[in-house]
Structures are given as C-alpha cells and as structure tokens.
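Reading through the structure tokens given below for one structure.
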Amino acid sequence: MTTHDPELWPEFDEMTAQDVAGPLWDEPVPLNPRGPLPAFPVDALPAWLGNMVSGVAEETQTPVDLAGCLALAVIGTAAGGRVTVTVRGQWSEPVNLYTAVALPPGNRKSAVFGLMTKPLLAAEQALIDLTAPQRAEAAASARIAKAAAERAEKLAANADPEKLAGLTAQAISLAEAAERAVVPVEPQLVADDVTAESLTSLLAQQDGRISILSPEGEIFEIIAGRYSGVPNMGIFLKGHAGDMARVNRQARDPQYIENPAITMGLAVQPDVLDSIGQIKGADGRGLLARFLYSKPESLVGYRNVTPELLSPDTAGTYAKTLGGLAVTLAAWTETATLTLTPEADAVLLAYQRVTEARLRKDGPLAPIVNWASKRDGAVARIAGLLHLAAHPEDAWTRPIAVETMAAATRLGDYFTAHALDVFNAMKADPAQEAAHTVLTHLSETRTAAFTKRDLFRAMPRSEFPAMGDLDPALDLLEEHGWVRQQPPPPRTTRGGRPPSPRYETHPRITPAA
C-alpha cells in the first residue's frame with residue numbers, strides 16, 4: 001500500500017478531499033445586485049407625525065414604510081389643491097402625491113390604514129356637519145327659485161296679449177335664476193373604488209380635490225380598463241400635475257376643473273406593481289413616473305406577538321393636528337404659495353445638480369429616466385408637506401426652512417432606491433422571480449442537495465404547474481453560482497424512466513451551525 005508524506009505533498013489531502021466533495025465553489029452572484037433597500041426615514045418627519053408612524057408600526061407589527069408613506073398621503077389629502085411650492089420662480093409644484101407600498105397579504109395593511117386615516121374621516125364628517133345649514137339653505141333657495149320660475153312660466157303662458165311681453169321677460173329671468181342656483185354636495189375628502197368618470201365628477205363637485213386611500217390596488221385595474229375595456233388614465237395624469245381638465249360627454253353636463261388635485265395612498269401586493277408596467281401607455285404617458293414607490297420587507301414570521309400599543313397621547317395629538325389642518329384648509333377658496341429660504345433653495349439646487357448628472361446615459365438613474373426626471377419636483381412637494389406638518393397653524397406665513405428641505409431630500413433618496421428596485425422588477429426576466437422563489441425555499445429548508453423531482457413536489461403549483469417550469473429558475477440559479485447540476489449516473493441496460501437530475505447547493509445555503 002502506497003503512503004505519502006504530508007510534509008512533502010501537502011496538496012495531496014486537499015486534492016483528495018476536493019475529489020470527494022466536488023470542485024470548490026466560487027462566491028455566488030446575488031440575484032438582485034442592489035442589495036437591501038433602505039427603511040423609511042421616520043426621523044425626517046415632524047415629531048407628532050413620526051411618533052404616530054412609529055407607534056402604528058409597532059402596534060400592528062408592520063414595516064414603518066407603510067405608515068410612513070401613508071403619513072405623507074394624509075397630509076397631501078388635507079393640503080391638496082390648497083397649497084403649492086414655488087421654486088426660484090421657475091416652476092411650481094402642488095403638494096398632492098401618489099404613493100404605492102408593496103406588501104404581500106397578511107401584513108395588516110387594513111389596520112394601518114384604519115389608524116392613519118381615521119382623523120381624516122372624522123374631519124370629513126365635521127365638514128359635513130359644519131356645512132349642513134349652508135347646504136339646507138341653498139337647497140331651499142333652489143326649490144323656491146324653481147317653483148317661482150314654474151309659476152311665472154304658467155302666468156306668461158296664459159297671459160293676455162298686452163301683458164305677455166312683461167310676464168315672459170319675468171319668467172325668463174326667474175328661469176335663469178333657478179338655473180344658476182347651485183346646491184353644494186356634502187364635503188368629501190377620501191374616495192376608494194371609483195371609476196375615472198366618477199372621479200372627474202367628484203373633482204368637479206369637491207372644488208377640484210379628492211384623495212384615494214386604499215389598502216388594495218383596485219384603482220390600477222380601473223385605470224387599466226376594468227369597466228371600459230381600454231386604459232383610462234387621463235384624469236389621473238392631470239390630477240397629479242394640476243393640469244386643467246375639461247370634459248364634454250353626451251347626456252352629461254360639461255365638467256371643468258381648473259387645477260385638479262388628486263392624492264393617492266395605496267398599499268398593493270408586490271405582483272400588482274409588476275403588472276402595472278403592462279398597462280398600455282402607462283410608462284409612455286408618464287403614469288408610472290408619477291408614483292413614489294416603497295417595497296419594504298415583510299415582517300410576517302418575525303413579528304412580536306405582544307407589541308407595545310399605540311399611546312393614546314400620540315394618537316390624540318395626531319388626530320387633533322391632522323384634523324385641524326384638514327378642516328382649516330378645506331375652508332380656503334384661494335391657493336397658498338410656499339417659498340423657500342435661500343438656504344433651503346441652495347439644498348434643493350444641489351440636489352437638482354446631482355439628479356441631472358445621474359440622468360446621463362451611463363448614470364445610475366438612466367434606467368428610470370422618466371421617473372427620475374420628476375424626482376426634484378417630488379422632493380419639492382414632500383418639502384411642502386413636511387413644512388405644513390411642522391407648522392400646522394401658520395405654515396403659509398413662513399418660507400420652507402433648510403432643515404425641512406434636507407429632510408425632503410432624504411425621503412427623495414429613499415424613494416429613488418425603491419423606484420430602482422420596482423422598475424428593475426418590472427423589466428426583469430420572469431425567470432428571476434421564479435429563481436427567487438426557489439432560492440428562498442432552498443435557504444429556508446437548508447437543502448444541501450436535491451433532485452429536480454423532489455423540488456417540484458415541494459414548490460407551489462400556482463407558480464410551477466409543470467416540472468418543466470423549474471428549468472428557467474434552475475438555469476438562472478446555476479448561472480449565478482447558487483446551485484450546480486451533478487453528472488448523471490451511468491445509464492443501465494434495464495431501461496425505465498431516467499433518473500431525475502440531481503443538484504447540489506452552494507455552502508452559503510447550508511452554513512455550518
């Protein structure tokens with residue numbers, strides 16, 4: 001029997017072990033090279049708002065991103081259509097926003113929406129109560145005017161010839177007065193499941209402002225054409241930009257909204273974000289570029305089952321401040337313009353220069369150029385909202401401070417990172433999502449080796465109906481160095497079904513305990 005001297009042949013033992021265990025592994029390439037996404041910077045919000053976001057996230061055991069994005073949307077609901085931000089006299093931005101947070105089912109989205117939007121619904125009811133006498137008076141006046149016009153018309157119709165001209169003129173005058181009589185509708189701040197046509201009517205009735213706050217993504221189905229069969233996004237485009245909307249349809253009175261302001265705060269399932277990229281015209285017409293996206297990690301499986309409850313003081317301060325802001329601004333008939341201090345303007349100008357440089361063909365924002373081209377405007381809007389939240393009693397009497405603009409740029413960076421990930425997923429090879437699913441299963445089960453048949457049995461049929469559906473995912477995982485197929489065993493002469501391909505996984509999937 002031949003032996004060897006380990007001091008003379010140190011590589012012999014290594015080579016033997018390698019021959020037994022297979023070739024050494026290289027470092028695997030991540031399926032998503034962007035790495036973990038940043039968490040919502042709660043400290044960028046004023047204290048009363050940030051405390052509510054943190055408290056709601058703790059009580060519901062949800063990512064702070066959900067309540068944080070909703071915080072911006074509820075301030076936008078209170079202020080939309082009433083406030084704009086002017087930058088250097090070059091352009092103005094309304095302060096309404098479109099936000100969309102992607103979270104899988106089971107993440108208590110409805111509970112978060114309930115806590116964050118409750119003060120808005122209370123403010124809406126307060127506005128209904130406050131305007132009830134005015135609406136009742138207007139309705140009575142309209143009825144009286146209509147009745148007077150009808151009586152005058154009858155008198156004129158039966159008048160003697162010498163009185164006809166005078167009574168006719170009076171009837172016409174009263175008819176015109178009755179026609180001009182307007183009965184205000186009940187104030188409404190928030191809508192949910194609404195068609196594009198109904199949304200236009202709501203805007204016309206609600207002085208050009210309305211908000212859509214929903215823990216579901218049904219509004220995207222409506223935009224895609226759930227009821228009409230064709231995409232209908234015009235009012236959503238104009239409602240974000242504040243562009244004049246004029247609608248003339250048969251069998252309906254013309255509708256004219258000078259500066260429509262729509263706010264959207266949505267929570268959707270991740271696959272909804274992937275699918276909206278398929279809406280015809282959504283990218284080319286700029287709908288996708290108008291949303292601020294958030295894609296936090298789900299906490300399901302890692303939640304504290306005995307969390308701290310939301311402090312009544314925190315909830316009370318939030319309700320009083322948000323409700324007061326909503327009621328105050330709802331009574332305005334003119335739009336307030338917010339300006340920047342010189343220092344705040346300098347911060348935004350520096351941010352604009354960074355954005356512009358990164359939009360170059362080889363720049364990091366080039367893949368999302370449509371979205372990133374609106375980034376600076378979004379930051380100006382966010383600064384306006386943070387300013388209103390920081391000074392809810394008199395924000396319109398003072399300029400936006402440098403600290404507020406700096407906080408807005410932090411939020412701009414947060415939304416940029418998430419937008420890059422969302423648009424990357426929209427354009428990604430479908431095999432990438434499947435590979436993520438397989439890799440997650442292998443990691444959670446700490447699988448060192450498997451056959452293709454065994455893997456198929458363990459995977460959900462909804463994602464992998466047939467065994468062949470695993471091929472693109474396995475090919476991608478093998479390209480990235482996460483798995484490798486073992487050589488097939490020698491074929492026997494007995495026939496029968498060939499053995500299922502066998503794979504081994506990278507040691508990082510099964511780390512040593």
Side-chain angles (χ1 to χ4, degrees), residues 14 17-39 102-104 269-271 273-275 277-278 293 295-298 300-302 362-368 416-489 498-513:
E14 182 180 342
Q18 182 173 324
D19 288 341
V20 173
L24 296 176
W25 290 88
D26 293 326
E27 187 67 15
V29 178
L31 290 176
N32 184 356
R34 299 192 189 283
L37 295 172
L103 275 173
Q269 295 184 23
D271 60 349
L273 282 190
D274 297 338
S275 64
Q278 307 305 315
Y293 300 96
K295 202 174 180 181
E297 287 290 332
S298 170
V300 173
Y302 302 92
D362 57 347
L365 297 183
I368 57 170
T416 300
H418 285 252
L420 282 164
D421 187 84
V422 167
F423 282 98
N424 179 62
M426 287 181 185
K427 300 174 182 177
D429 185 338
Q432 190 174 70
E433 189 64 31
H436 270 291
T437 301
V438 172
L439 183 58
T440 299
H441 166 76
L442 297 175
S443 299
E444 290 178 347
T445 56
R446 300 171 68 88
T447 302
F450 62 92
T451 66
K452 183 178 177 181
R453 186 173 295 111
D454 289 340
L455 178 64
F456 175 68
R457 289 170 180 164
M459 301 308 294
R461 288 295 169 272
S462 59
E463 298 187 48
F464 301 96
M467 191 181 300
D469 296 325
L470 285 170
D471 291 338
L474 290 172
D475 290 345
L476 191 61
L477 289 173
E478 194 162 15
E479 289 175 11
H480 283 68
W482 287 103
V483 303
R484 62 188 177 201
Q485 187 174 354
Q486 297 178 345
S500 178
R502 188 170 184 82
Y503 293 82
E504 56 183 330
T505 63
H506 194 282
R508 286 186 60 180
I509 292 178
T510 56

Could you tell me whether a side-chain N or O of [X] sits under 3.5 Å from a main-chain N or O of [Y], the two making a donor and an acceptor?
| X | Y | value |
| --- | --- | --- |
| His506 | Asp26 | yes |
| His480 | Trp482 | no |
| Asp469 | Ala466 | yes |
| Thr505 | Thr447 | yes |

Distance (rounded to the nearest 0.5 Å) between [X] [atom1] and [Y] [atom2]:
| X | Y | atom1 | atom2 | answer |
| --- | --- | --- | --- | --- |
| Arg502 | Lys452 | CZ | NZ | 15.0 Å |
| Asp471 | Phe464 | CG | CZ | 10.5 Å |
| Arg508 | Trp25 | CZ | CH2 | 12.5 Å |
| Lys295 | Ser298 | NZ | OG | 13.0 Å |
| Leu476 | His436 | CG | NE2 | 8.5 Å |
| Leu420 | Leu365 | CG | CG | 6.0 Å |

(request) Kindly assign one of parallel, tilted or perpendicular to the pair Phe450 and Tyr503, based on the angle between their ring planes and the thresholds 30° and 60°. (result)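 It falls in the parallel class, under 30°.
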(request) Decide yes or no on side-chain contact (heavy atoms from CB on, under 4.5 Å) for His418 and Phe423, but give the supporting numbers first. (result) CA-CA 9 Å; His418 285 252; Phe423 282 98; over 6 Å; no
(request) Indicate yes or no: at least one non-hydrogen side-chain atom of His441 is less than 4.5 angstrom from one of Val438. (result)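 Side chain of His441 against side chain of Val438, heavy atoms only: no contact under 4.5 Å found.
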(message) Less than 4.5 Å apart, side chain to side chain, heavy atoms only: is that true for Pro499 and Pro488?
(response)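 Contact flag for Pro499/Pro488 side chains = no.
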(request) Provide the full list of salt bridge (Lys or Arg N to Asp or Glu O under 4.0 Å) pairs with a residue in residues 473-482, sequence neighbours left out, each pair given once. (result)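 Listed once each, the pairs would be none.
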(message) Could you walk me through whether Leu439 and Ile509 satisfy the side-chain contact (heavy atoms from CB on, under 4.5 Å) test, starting with their C-alpha distance in whole Å, then the side-chain angles of each, then the deciding distance to 0.1 Å, before giving a yes or no?
(response) CA-CA 9 Å; Leu439 183 58; Ile509 292 178; 3.8 Å; yes
